Amino acid sequence: MSANQARINALLRKSLIGELIDTQFYLFSVRSKREGNVTNLQALFANDEALTTGSEYFSSLLSENPSNDSTVVEFQDYHTCEGGISLDEYGYASDSDLDEEEEEETGEDVQDNERCAGVSAERVSRTASIKDFTIKGAQRIIPSRRVLVMDTAFNTWRALLDYLYTDEIVFAPLRSQSKSARHHSLGGAPPCSPKSMYRLACKIKHDKLQAKALAAMRSSLSEHNVLQELSSSLTSRFSAILEMEIEILFQNIVTPTVTKDFPMLIQRIASAGLPHGADILTKLHERMLKQHYPTILSPEAALASENECNGSPLSGPFKFKWEEPQKPVMVSF
């Protein structure tokens with residue numbers, strides 16, 4: 001039996017005696033550009049043992065002495081951030097895993113939403129009551145925690161928990177790649193943005209998931225969207241993404257789309273429209289040197305340049321030896 005199947009069997013057995021859910025995670029799922037905030041908390045229910053196996057981040061987060069992460073807080077009845085937080089506080093305004101808020105809501109829609117919220121609260125309360133009854137009947141105490149995650153979208157966190165449970169991950173197309181809506185089949189892994197998952201994987205220091213997300217981003221880039229992705233806020237934060245996108249740009253530098261749109265990127269950089277514009281040009285220049293002048297970026301060349309700055313004799317591929325000019329030889333006829 002595989003380790004993954006053994007973990008699933010253990011979870012199923014726990015579900016029979018009401019020990020399946022240890023922690024409730026609450027995350028924002030909707031972005032309101034009109035209000036400039038994220039709202040609409042949704043809940044995910046998880047088993048601690050399934051999360052802590054193979055994850056140092058969750059081992060620390062769900063321990064008795066959790067790590068000092070200001071974006072993940074425990075709450076019981078109410079927390080001041082439940083109603084929503086600003087996009088600046090959230091930390092990733094262009095998160096593709098956040099749903100867009102509808103422009104306007106009628107009075108009937110508001111009443112329907114309030115009724116749905118009331119029904120959901122009633123279901124949670126009823127579930128808690130049933131669980132309390134079960135616990136009392138068996139005279140056991142099963143800890144249950146409520147955790148508010150303030151910097152990650154519901155869809156991203158759900159995909160993360162699903163991955164930790166099943167070792168399966170499905171990435172949605174980039175928004176720059178396609179306008180099609182993401183599809184989620186019942187029983188299948190929930191899709192998430194590779195960019196959002198890369199950001200989360202870096203935070204929790206999950207190297208394997210980080211590599212998967214970066215590979216998904218690379219496979220989604222082409223001449224048609226590489227310049228747009230190069231201009232994104234996430235690129236400005238992670239050097240690995242910047243270097244990968246520069247490589248794709250260089251491979252498509254003479255394609256019609258890049259040839260047409262590249263001047264607009266330069267104009268944005270020149271007008272200080274991109275905070276990482278200098279990094280883009282620097283990395284692109286380094287890539288050009290690597291392609292056409294590989295010896296310039298060699299370790300020997302770098303050492304020679306350092307020695308020159310320090311006043312030391314040059315070494316490496318560029319060696320010069322000063323010699324006194326020879327005196328002219330007089331020849332008589």
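Values in this document were obtained by computation on a predicted structure and should not be read as measured data.
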Please confirm whether the backbone N or O of Glu247 pairs with a side-chain atom of Arg287, one donor and one acceptor, at under 3.5 Å?
-> no
Once you round to the nearest 0.5 Å, how far does CG of Leu200 lie from NE2 of His206?
-> 10.0 Å
Side chains of Asn40 and Phe154 in contact at under 4.5 Å (non-hydrogen atoms) | no
Would you please test Leu249 and Val258 for side chain to side chain contact (heavy atoms under 4.5 Å, CB included) and show each step?
-> CA-CA 8 Å; Leu249 171 62; Val258 172; 3.7 Å; yes
CG/Leu44 to CG/Leu160 distance, rounded to the nearest 0.5 angstrom?
-> 10.0 Å
Residue pair Phe171 / Pro191, side-chain heavy-atom distance below 4.5 Å = no
Quick one: does Glu89's side chain get under 4.5 Å of Met150's, heavy atoms only?
-> no
Side-chain heavy atoms of Met217 within contact of Leu214, under 4.5 Å | yes
Would you kindly say whether Thr235 and Glu245 are connected by a side-chain donor-acceptor distance under 3.5 Å?
-> yes
Under 4.5 Å between any side-chain heavy atoms of Glu229 and Lys195, yes or no?
-> yes
Any residue meeting side chain to side chain contact (heavy atoms under 4.5 Å, CB included) with Ala153, in chain and number order, not counting sequence neighbours | Tyr90, Asp95, Asp97, Leu98, Thr156
Looking only at heavy atoms, the pair that brings Ser63 and Arg145 closest together is O-NH1, 3.8 Å
If Ile, Leu, Val, Met, Phe, Trp and Tyr residues are connected whenever their side-chain heavy atoms lie under 4.5 Å apart, and connections chain through other members, are Leu87 and Leu234 in the same group?
-> yes
Phe45 and Tyr165: which non-hydrogen atoms are nearest, and at how many Å?
-> O-OH, 4.4 Å
Inspect the surroundings of CD in Gln42 and state if more than 12 heavy atoms from other residues, nucleotides or ligands are less than 6.0 Å away.
-> yes
Side-chain donor or acceptor of Asn225 paired with backbone N/O of Ser220 under 3.5 Å = yes
Taking atom types as modelled, is there a side-chain donor on Asp99 or Ser29 under 3.5 Å from an acceptor on the other?
-> no
Taking every non-hydrogen atom, the tightest pair across Pro190 and Ala159 | O-CB, 3.8 Å
Give a yes or no on whether the backbone of Ala50 and the side-chain of Thr53 come within a donor-acceptor separation of less than 3.5 Å.
-> no
Between atom CD of Gln251 and atom CD1 of Ile253, what is the distance when rounded to the nearest 0.5 Å?
-> 11.0 Å
Is it true that Leu242 and Ile269 fall in one hydrophobic cluster, defined by side-chain heavy atoms closer than 4.5 Å?
-> yes
Applying side chain to side chain contact (heavy atoms under 4.5 Å, CB included) between Phe28 and each of Ile85, Thr152, Asp151, report the one that passes.
-> Ile85
Kindly determine whether Thr282 and His285 satisfy side chain to side chain contact (heavy atoms under 4.5 Å, CB included), including the steps that lead there.
-> CA-CA 5 Å; Thr282 299; His285 181 241; 5.8 Å; no
Does a side-chain heavy-atom distance below 4.5 Å link Phe25 with Leu51?
-> yes
Does some side-chain heavy atom of Ile248 sit less than 4.5 Å from a side-chain heavy atom of Met244?
-> yes
Does the side chain of Lys203 come under 3.5 Å of the side chain of Thr71 through a donor N or O and an acceptor N or O?
-> yes
Polar side-chain atom of Ser55 near backbone of Thr52 as donor-acceptor pair, under 3.5 Å = no
Is Val170 reachable from Met197 through a run of hydrophobic residues whose side-chain heavy atoms are each under 4.5 Å from the next?
-> no
Glu223 CD to Asp261 CG distance, which is reported to the nearest 0.5 Å = 9.5 Å
Side chain of Ser60, backbone of Glu56: donor and acceptor closer than 3.5 Å?
-> no
Check the pair Leu281 / Ile266 against side chain to side chain contact (heavy atoms under 4.5 Å, CB included), numbers first and verdict last.
-> CA-CA 9 Å; Leu281 295 180; Ile266 299 300; 3.8 Å; yes
Non-hydrogen side-chain atoms of Lys212 and Tyr163 separated by less than 4.5 Å = yes
Verify same cluster id: Met264, Val254 (apolar side-chain graph, 4.5 Å) | no
Is the shortest side-chain N to carboxylate O distance from Glu243 to Lys290 below 4.0 Å?
-> no
All heavy atoms of Cys192 vs all of Asn155, minimum pair found to be CB-O, 4.1 Å
Roughly how far apart are Ile21 CD1 and Asp48 CG, rounded to 0.5 Å?
-> 11.0 Å
Can you check whether Leu230's main-chain N or O pairs, donor with acceptor, with His276's side chain at less than 3.5 Å?
-> yes
Between the main-chain N or O of Ser193 and the side-chain N or O of Arg175, is there a donor-acceptor pair closer than 3.5 Å?
-> no
What is the minimum heavy-atom distance between Ile280 and Leu274, and which atoms define it?
-> CD1-CD1, 4.1 Å
Could you tell me whether the side chain of Ser231 and the main chain of Leu227 form a donor-acceptor pair under 3.5 Å?
-> yes
Between the OH atom in Tyr92 and the OG atom in Ser233, the distance rounded to the nearest 0.5 Å is 5.5 Å
Can you hop from Leu164 to Val147 via hydrophobic side chains spaced under 4.5 Å?
-> yes
Start with the C-alpha gap between Met288 and Phe250, add the side-chain angles, then the distance that decides, and say whether side chain to side chain contact (heavy atoms under 4.5 Å, CB included) holds.
-> CA-CA 8 Å; Met288 293 170 62; Phe250 194 80; 3.7 Å; yes
Any Lys/Arg nitrogen of Arg31 or Glu100 sitting under 4.0 Å from an Asp/Glu carboxylate oxygen of the other?
-> yes
